[in-house]
Amino acid sequence: MIHSEIETLLNNQIKLEGNASMQYLSMASWAEANGFNGVATFFYNQAEEERMHMIKLIKFVNERGGQAIIPVLDQVLKDFKSINDVFETFLTSEEKVTNHVNQVVYQCLQLKDYTIHNFMQWYVSEQLEEETLARTILDKLKIIGNDKGGLYQFDKDIETFSVEVDNE
Ligand SMILES: [Fe+2]
Ligand SMILES: [Fe+2]
C-alpha cells in the first residue's frame, strides 16, 4: 500500500515531469522555427525523456496500489529571447523538478517508506545529471557570448555533446 500523502506527492511529480516534457517540446519547436536544428534535436530528445520519467512514475504508483492521475498540464512558455534564454529556462525547470524530488524523498523518510525512497533515488541521480548538463551548456554559452560563428558551431555540437554527458 501507498501512504496517501506520498501518493499525492508522486502525482505532483507526474505532473511536473509532464510539464517539463511539454516545455521542452515548446523549446524544440522554437529552436526549429529559428534555425537551430541541433538545439531542436536536443530538446525533442529531452521532451521524450521527460515523458518516460512521467510514465515510469505512473506505472509505479499504480503498481504500488495507488492511483496515478493523468495531469492537466500548465501553459508552457513559447517565446524566447535567445538560445541563452532557452537554456536558462531549461535550468530553472530542472531545478524546480529537483526541489520536488527532494520533497518526495523527505516525506518518504518521515513516513518510513523505504521502498518508495529507494525508487526515488533514480530521480535524484537523474536530476543531478540534468542540472550539471544545463549548467555546463550555460557556461559554454557564456564563452560564446554574441559570436554568431560560435553559436553556429554550438548548434552543430550540441547533439554529440548531450550524448557524451549522458554516458558519463
Ligand atoms: Fe525528469
Ligand atoms: Fe529532466
Side-chain angles (χ1 to χ4, degrees), residues 2 6-32 36 38-64 66-78 80 82-109 113 115-141 154-155 157-168:
I2 185 168
I6 293 179
E7 184 178 355
T8 303
L9 282 171
L10 290 178
N11 273 315
N12 290 345
Q13 192 69 44
I14 287 169
K15 179 170 179 174
L16 280 166
E17 302 288 351
N19 275 339
S21 180
M22 295 314 276
Q23 182 59 72
Y24 299 161
L25 194 55
S26 169
M27 282 140 81
S29 177
W30 181 90
E32 194 167 56
F36 296 102
V39 174
T41 304
F42 176 84
F43 282 109
Y44 277 126
N45 289 338
Q46 287 292 323
E48 204 55 50
E49 260 191 39
E50 300 304 346
R51 189 182 135 79
M52 292 316 294
H53 298 170
M54 175 178 67
I55 291 172
K56 193 180 163 89
L57 278 158
I58 290 171
K59 290 185 171 170
F60 181 75
V61 168
N62 291 333
E63 276 164 14
R64 295 297 301 160
Q67 190 182 5
I69 295 164
I70 307 307
V72 176
L73 300 176
D74 298 335
Q75 178 61 52
V76 294
L77 300 171
K78 60 180 168 61
F80 302 93
S82 60
I83 285 294
N84 200 72
D85 188 22
V86 168
F87 283 96
E88 289 285 359
T89 307
F90 177 45
L91 178 59
T92 308
S93 163
E94 290 301 326
E95 285 173 341
K96 190 173 165 192
V97 172
T98 303
N99 282 340
H100 196 270
V101 166
N102 290 341
Q103 224 175 298
V104 179
V105 167
Y106 174 79
Q107 208 46 245
C108 285
L109 289 177
D113 192 326
T115 307
I116 299 182
H117 181 270
N118 186 50
F119 170 80
M120 287 306 292
Q121 293 313 300
W122 185 89
Y123 287 84
V124 171
S125 327
E126 175 65 23
Q127 285 316 115
L128 180 63
E129 256 181 45
E130 296 270 83
E131 283 195 26
T132 305
L133 177 62
R135 291 206 176 87
T136 308
I137 293 172
L138 282 168
D139 284 346
K140 283 201 168 209
L141 286 171
F154 169 83
D155 185 56
D157 289 345
I158 189 159
E159 284 178 68
T160 40
F161 176 67
S162 62
V163 173
E164 279 165 26
V165 173
D166 270 354
N167 289 341
E168 263 172 20

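Here, residue 1 is the first one in the sequence, and each next residue gets the next number. We count ligands from 1, going down the list as the structure has it; atoms in each ligand are counted the same way.
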Look at K59 together with E63 and state whether they make a salt bridge at an N to O cut-off of under 4.0 Å. no
Angular separation of OE2 (E50) and OE1 (E94) seen from the Fe ion (ligand 2), to 10°: 140°
Tell me if a side-chain donor or acceptor on T98 pairs with a main-chain N or O of E94 at a distance below 3.5 Å. yes
K15 side chain to V72 backbone, donor-acceptor under 3.5 Å: yes
Kindly give the atom name of the N, O or S atom of E17 closest to the Fe ion (ligand 1).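 Of all N, O or S atoms in E17, the Fe ion (ligand 1) lies closest to OE1.
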For H53, what is the atom name of its N, O or S atom nearest to the Fe ion (ligand 1)? ND1
Would you please classify the geometry between the W30 ring and the F36 ring as parallel, tilted or perpendicular, with 30° and 60° separating the classes?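 Ring orientation of F36 relative to W30: parallel.
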N, O or S from E130 under 2.8 Å to the Fe ion (ligand 2): yes
